[in-house]
Q: 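Below you'll find the structure I mean.
Every chain is numbered from 1 and lettered A, B, ... according to where its sequence line falls, protein lines coming before strand lines.
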Amino acid sequence: MSVKVKLKPTDFDSHFPTWCPGCGDYAVLMGLKRALAELGIPPHEVVVVSGIGCSGKISDYIKAYGYHGIHGRVLPTAQAVKLANPRLTVIAAGGDGDGYAIGGNHFLHANRRNIDITYIVMNNQIYGLTKGQASPTSLPGHKTGTSPYGVVDYPMNPLMVALAQGATFVAKTFSGNAPHLVRVFKEAIKHRGFSFVDDISPCVTWNRFNTYEWYREHIEYVDENRDYNVHDRLEAMDKVKEVMSRGKIPVGIIYVEEGTEPGDEKYRKLAGGIAPIDADISVKEEYLEYLKQFE
Amino acid sequence: MSVKVKLKPTDFDSHFPTWCPGCGDYAVLMGLKRALAELGIPPHEVVVVSGIGCSGKISDYIKAYGYHGIHGRVLPTAQAVKLANPRLTVIAAGGDGDGYAIGGNHFLHANRRNIDITYIVMNNQIYGLTKGQASPTSLPGHKTGTSPYGVVDYPMNPLMVALAQGATFVAKTFSGNAPHLVRVFKEAIKHRGFSFVDDISPCVTWNRFNTYEWYREHIEYVDENRDYNVHDRLEAMDKVKEVMSRGKIPVGIIYVEEGTEPGDEKYRKLAGGIAPIDADISVKEEYLEYLKQFE
Amino acid sequence: MKKNDLTFRVAGRAGDGSLTTGDVLSKIWKDMGLWLATYKDFPSNIRGLPTNMTIRLKDRQIYYGRKNRLDYLLAFDDTNVKIHLHDLVPGGVIIYDNSVKKELPPELIRDDVHYYYAPLKKIAKEELGLEVIKNIVAVGVASYLLGMDQDRTKEIIYKFFYARKGEKIASSNVEAFLRGWNYAKENLQKKDEYVVEEVPDAKKTYFIMGNEAVAFGAIVAGCRFISSYPITPATDVLEILARELPKYGGVMIQAEDELSAINYAAGAAYAGVRAMTSTSGPGLSLKTETIGLLVMNETPLVIYVAQRGGPSTGLPTKPEQSDLFHAVFGGHGDAPRIVIAPGNVKEMYWMTIDAFNLAEKYQTPVILLTDQILAQNKFSVPVEDITIEGVRIERGKLLTQEELNEIIEKEGQFLRYRITEDGISPRSIPGQEGGIYTANSNEHQEDGYTTEDPKMRTAMMDKRLRKIYQTARKSGDLPEDLIHGYEDAEIGIIGYGYTYGPIMEAIENLASEGIKVKFLQMRTLWPVDTEKLSQFIDSAEKVIVVDHNAQAQLSTLIKIVYDNHDKLEILKKYDGYGFTPEIIEKKVKEVLSYVG
Amino acid sequence: MKKNDLTFRVAGRAGDGSLTTGDVLSKIWKDMGLWLATYKDFPSNIRGLPTNMTIRLKDRQIYYGRKNRLDYLLAFDDTNVKIHLHDLVPGGVIIYDNSVKKELPPELIRDDVHYYYAPLKKIAKEELGLEVIKNIVAVGVASYLLGMDQDRTKEIIYKFFYARKGEKIASSNVEAFLRGWNYAKENLQKKDEYVVEEVPDAKKTYFIMGNEAVAFGAIVAGCRFISSYPITPATDVLEILARELPKYGGVMIQAEDELSAINYAAGAAYAGVRAMTSTSGPGLSLKTETIGLLVMNETPLVIYVAQRGGPSTGLPTKPEQSDLFHAVFGGHGDAPRIVIAPGNVKEMYWMTIDAFNLAEKYQTPVILLTDQILAQNKFSVPVEDITIEGVRIERGKLLTQEELNEIIEKEGQFLRYRITEDGISPRSIPGQEGGIYTANSNEHQEDGYTTEDPKMRTAMMDKRLRKIYQTARKSGDLPEDLIHGYEDAEIGIIGYGYTYGPIMEAIENLASEGIKVKFLQMRTLWPVDTEKLSQFIDSAEKVIVVDHNAQAQLSTLIKIVYDNHDKLEILKKYDGYGFTPEIIEKKVKEVLSYVG
Ligand SMILES: Cc1ncc(C[n+]2csc(CCOP(=O)(O)OP(=O)(O)O)c2C)c(N)n1
Ligand SMILES: Cc1ncc(C[n+]2csc(CCOP(=O)(O)OP(=O)(O)O)c2C)c(N)n1
Ligand code: SF4
Ligand code: SF4
Ligand SMILES: [Mg+2]
Ligand SMILES: [Mg+2]
């Protein structure tokens, strides 16, 4: 992917969002527009695949090819779009419920496949659209519609899971810090391979516990004065674990593995470097070779 | 769970297995019978919930309450059996396809919930029953029915995922080492909380690459002369990572967290310590309290 | 004067509090002794998009919360005036919040409608310092205009908020109410005829939402385990039971997805606990494979499905009855199950209890099929309609340890899947001595062990079919389909679920015009009571099937079992709004015009 | 002498090599110019349980690999003699491997059957040092007994193994063959009448499995993406395409589960690549929600479903046709799709191509519904029946960049979900300038943006229904239902899928007895060609619906669209075995006995 045209964020404007005023998802939308514009990727070469949830509406609000799919199936769809046509910039996006609850299995496996897409989770530690139930990232004790006596389970640790499963780009950012978010999005999109970005995107309506202020108090930026090797998976894991053990949230580009061949390229290599979208599908004599075995 | 009766492994005998001679699953069946007998848990207090696959047939072959469910859904069922009736010893069992491919999401979340069951994955790095396709644990380059040109994806790392997701008992054992396996099973069953055991269970028919010999060459026992703190999650992760980085397979009881309240107990506590199976379901006047709000 | 018969709509934007206004007003009217029914119409959005709630009230039973025409509109902005203006009857009323736009533009002015302007938001913000309290200011304005008793209303509001939020909030709400009342008194001149008055000696009722009734039914039926994944319009049941079940030794597990939700529930059911899972269409689709499993391993489970607009995410907050095909036929293989459908809130309570009993008696998944309208709206129900008297917990052939011992003594062994005449086998649960078996997704022999023997397979399949299609069908256990209206009418109507409401009202309205109609309310959708259905259709000239979906799913089901297809007239709708009595009345008249 | 008309069964235990024996024998017979059809009957087990394969051969076209009665049994142990003994015709033959048990017990001896004992395993082990080669020893014995030409057979065996495993293995197999032949020559006295001889000037045929034909159809149709999760009996398609697709720029993704499998495939399809997913019943159940999504967002996708015995895991390696309800009605909401079903291997090839064309022309999921019998058995097909001539790739309203530019120039904008008369909208793909839209699971307006507007909703629903129920139905694009047999017969038969085979054979057999029958082979199961179906039933006295499932799913489908239900006679079976011609013949006679 190379810088192609001069673009403005507004070139990605589409229908106006219906999110609540103050919702963290606005920052993601704006940040994505800015990142794409700054990278010079024209709208028609971008595909935004999103799930169901407030966050999932993002594909309705950005001028780009959109796929507003069903709840939890963002990643298979997005990976296949890239496998089908490598010239496209593919952004997968959804909520914490979408990605870590119902979509958990695909998250587990997308990390392994390392297809060159960017996955942004708008993590508000709550189910927004369905009006405030606990999500896998809700903290123990949090009282929600489905946890009237407080959340019981140990919270999901997406950063560690991604690292354990072979992810080649792992980052966490915050909708309350737009410049950081834009920088992370740009790096994620530029990264060749599966880029996973967990964005703290506060829900101002249903999550009155994990507020912007709460997050500001808990965030610890690991990429300011970085004290570990960002290219070392184990060091990155150690860092995440260490920050979390102090009750803090590690934010920043956490791990980057460079030089690993993206999964889609590996699959393409099996096919002689041709992508499905470019394959000749006219009816050919050479097909008949296959029938020999049945003669 | 306390030692109750004197039992022999043969007390758990049932229909004779139809596995291939030499299949690693025999050792699991035998090991489970021995572990249960030695722990003195009578057959009718044991529930074996299994998935679909060669491995999944285990519930047909052991004298215990069995639930031979559908492919990939072992864990929700097993956890709920325990939640419903804490007096039962619940064993969940299945293959690597069953548990890490189609069942991956439940694995992700069972680790978080820490319900007091034991989950044994008979990992043969292949789909046995469907005649030899790649599984999430198949190694890159492995040629199988669905990877004629060799496996492309990065292999799943179940031990690390379990550790990342809060598992309180993580172990790996080997069907080629029956005493080890029995010891691990016993510890797993005794552990209060979610016990995860990945067992190397060679498929002698479809996986001609990862053979008993191959495993013997690659296994490194981490519990002989243990050189890290088995109760420290981060050290356990480091150990797994370190052994794997040398191309070896860490085998042993890898991590144990003691004293953490099992998830089922937490849920039970919300209900005043009463388990669903013991709840009084006769029709009671006190129910009417609920209707007051609608008056 | 139009007294105590009102169709009132509050309309604003999501997050605006229209639903709160509606709730407070309903509570007041309920306490004044009126019968109510609501119709909430909200978008799949948390803030900003138009939302409204219709409340209908009468001084006697009311079946349904929606009509084509409206008496009263309380609009928080001009957009909402525009949206609803043409639904108003001549002589109708608009209360318009003119805080932002002072005047309505000429195109929003109808000559035959009475307009009352009040700066609700402004009063709330400027006089009370709290914008959201405009809802209660609005209540004050409306109460004044409707000629309600100030003291009585004040008292109800106070109590309402006191119970929920305490003294301070209660007082400030009363204050807001009075501001609204006084603004109206000082500035507005009543021109319309609508009046709502206290009903003397009113019947005691509950004002209750369908989902609330289902949750209560589950508690009473002894459900002690629920596992679901949140989804509109079923989430309430999960949330209520999350709160209530622990009071009775029960557990709620919020599952990681729908696949696990139903398998958690199945695990608890297998272990001997009455269990359920709740969902809507998308979740039902995901639960398909496991429903088949439960048919195969004969595990009792209640699956609550509140339908919404499909396909796919579709119209996630709007009503529809388009999951019938799937409820009945969904899933690979021959997997017959029981599908029952209540038509009103009272039945939602009782048929939830039925569902648990049927599930255990027939050792089968039971789908309790409802819809967004019944699930999320509130209705007045006489208190004697929701009682614990007469509730029976029937666990079928679930064995006690003693019964199990007896079987073993008598027969030498226990066979969980014993092939019996009625198709139902004795059932043990884990922990019982001598009851060991495997609940198997593969075809199995009588002890549960996998088999591929063709004779055993056929016998097992026959047994599973027999218990549903013969034993259950003939048992009298399945909720009976009901015939309402005039038995000798030549026009029949068939419907299920919420359409019970508009159809019942249409029957009353038509009767008052001298038109007689009869109505078969189907309550067991599978297996169909073919005899009753056939008799009903046979005895009519024409039968209108009220089908809230595009493919006429109910009509299709009927065509399978009743072969004079020409007798059926299909009335379809699939625009995201419920049928109204008017639509049904019109169709009846149309059909009448060419019948006999 | 019974020449070139044989029903031959090899029976052993899973892992025994019975299927290999069958494969080698088939290959020999095929090369001798005979027409073949197989019927594999294996358990869901890798080693140990009884397994068998039936091969039928004739010197002319043969429809089906199974009959009630058997001519020849090659049994690797006494258990298998016991299982199959009573299937043998009088005058039939048993070759029994008496390596372990020397003699068969008296209860396994039939007077009217010829027995040949040969210690196959012993010869293999002791003389050849390789137990598994007993299969080829068996081939030697059978070839001798069937009077086959030694040199010719030897040559075929050599070539067969040479091509697959090279010189060394080829030679040792020939050696094994000769051992068997010689053992038979020296020890066995031919008593039976069966003979298989080279057919002169035989027609050139392919001997091909249904799944192999489907995979080839996919390649030829331009499918360049498959994502599936392994499952019997569909896995072959995934495995073959894993190997073949990369040769043509295609990708195979083995998905982590079925939910992702269909969503991967959908992603590729959305991106403009012809894509498919393949599965069987349990996987179909899991794909339900996404099928609804594809109906909603109008993405073309081919879903290959090879049915097996249900419900749940059921009989995972046995045939059944019990996924029809789900294929047609599965899924919440109104989600009409196209369901087509080939009846033989030739059609499996051609209708796979149809499926891809239909999916793109009608921008819809297309279910290609087959079954274990067609999928996993091999049949002889004339080479001219599987050609690339006449194949057309029809992409419907998929736009080129130029066409897209034109639309924008002419209309000022491009609307992906434009409401058109035929219900089909122009389709862009990502990467095209000006073609931007959102493929939306929510109800949407013409540009794909979410809407809840009742008018737009209704129009969009109508459009989606119209394109399937009207445009596609009337187009002539859907595979036509075929009428076989005798047009003026009073008995009709309806069936689909593999039952084509036994029905066709039954028609021939009945005709030879002077009984005329006609047969409607349904190839498009949804939307049904109501006119053709009605005409067919109308013109018969009675119509037998051949329904391989317990709930009569095909009959049920017919009852929806055809209302003289009394005309239908249902012939059901669900024991894990395919219908045979004999069963159908018997039913026809039974029906004839009480019809006119
Ligand atoms: C299969 C399915 N299950 C459930 C739902 C209901 N649902 C819609 S959004 C959502 C979760 C929303 O939470 P999250 O993914 O965190 O997104 P947010 O709204 O917080 O951005 C759920 C459960 C659905 N649409 N589909
Ligand atoms: C929903 C569903 N998908 C696919 C299958 C087919 N299937 C049966 S077992 C199996 C995988 C077997 O592999 P694994 O879980 O590793 O078990 P193993 O046989 O190796 O012990 C598959 C894909 C199925 N039964 N159900
Ligand atoms: S409900 Fe929460 S997540 Fe949804 S739009 Fe509002 S603030 Fe954002
Ligand atoms: S196929 Fe493999 S996994 Fe299955 S029984 Fe045989 S050896 Fe075991
Ligand atoms: Mg969220
Ligand atoms: Mg395996």
Side-chain angles (χ1 to χ4, degrees), chain A residues 72 99-115 136-137 140 147-168 193-194 232-235 237-242 244-245 257 260-271, chain B residues 72 79 100-115 136-137 140 147-168 193-194 232-235 237-242 244-245 257 260-271:
Chain A
Y100 304 146
I102 191 169
N105 202 28
H106 316 310
F107 176 58
L108 209 51
H109 291 277
N111 283 295
R112 292 176 51 218
R113 296 192 198 276
N114 196 31
I115 309 288
T137 53
S147 58
Y149 308 108
V151 165
V152 164
D153 306 326
Y154 187 95
M156 166 100 187
N157 192 334
L159 300 176
M160 286 299 257
V161 170
L163 288 167
Q165 285 289 90
T168 58
F194 183 67
D232 186 304
R233 190 180 296 271
L234 199 55
E235 282 192 28
M237 282 174 144
D238 283 355
K239 184 72 195 171
V240 169
K241 200 70 208 164
E242 186 267 321
M244 290 181 71
S245 71
E257 183 172 307
T260 300
E261 193 176 26
D264 51 310
E265 278 187 37
K266 290 190 196 166
Y267 279 100
R268 215 145 49 234
K269 210 175 250 175
L270 298 182
Chain B
Q79 290 172 88
Y100 304 146
I102 191 168
N105 201 29
H106 316 309
F107 176 58
L108 210 50
H109 291 277
N111 284 296
R112 292 176 50 218
R113 296 193 197 274
N114 196 32
I115 310 288
T137 53
S147 60
Y149 309 108
V151 164
V152 165
D153 305 326
Y154 188 95
M156 163 99 187
N157 192 334
L159 300 177
M160 287 298 259
V161 170
L163 288 167
Q165 285 289 91
T168 57
F194 183 66
D232 186 304
R233 190 181 295 271
L234 199 54
E235 282 192 29
M237 282 175 145
D238 283 355
K239 184 71 195 172
V240 169
K241 200 69 206 163
E242 187 265 322
M244 290 180 72
S245 71
E257 184 173 306
T260 300
E261 194 176 26
D264 51 308
E265 278 188 37
K266 291 191 196 167
Y267 279 101
R268 216 146 46 233
K269 210 175 251 175
L270 299 182

Q: Does A:Y154 offer a backbone N or O that forms a donor-acceptor pair with the side chain of B:R112 under 3.5 Å?
A: yes
Q: Under 4.5 Å from any heavy atom of chain A, what part of B:N114 do you find: side chain, backbone, both or neither?
A: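 Neither part; nothing is under 4.5 Å.
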Q: Name the region of B:Y100, side chain, backbone, both or neither, that has any atom closer than 4.5 Å to a heavy atom of chain A.
A: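 Contact with chain A: backbone only.
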Q: Heavy-atom pairs under 4.5 Å with chain A: which of B:H109, B:M160, B:H106 has the most?
A: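 The answer is B:H109.
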Q: Considering only heavy atoms and a distance below 4.5 Å, find which of A:L270, A:V240, A:N111, A:D238 pairs most often with chain B.
A: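 Most pairs with chain B among the choices: A:D238.
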Q: Return the CD1 to CG distance between B:I115 and A:D153, rounded to the nearest 0.5 Å.
A: 7.0 Å
Q: What part of B:I102 is in contact with chain A, defined as an atom under 4.5 angstrom from a non-hydrogen atom: side chain, backbone, both or neither?
A: backbone
Q: Atom CE in A:M237, atom CG in B:L234: separation rounded to 0.5 Å?
A: 9.0 Å
Q: Okay, side chain of A:Q165, backbone of B:M156: is any donor-acceptor separation there less than 3.5 Å?
A: no
Q: Tell me whether B:N105 contacts the main-chain N or O of A:G103 through its side chain, where contact means a donor paired with an acceptor under 3.5 Å.
A: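 No, B:N105 side chain to A:G103 backbone: no donor-acceptor pair under 3.5 Å.
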Q: Identify the heavy atoms of A:A164 and B:V161 that sit nearest to each other, and give their distance.
A: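 A:A164 and B:V161 have their closest heavy atoms at CB-N, 4.1 Å.
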Q: What's the separation between atom NZ in B:K241 and atom CZ in A:R233, rounded to the nearest 0.5 Å?
A: 5.5 Å
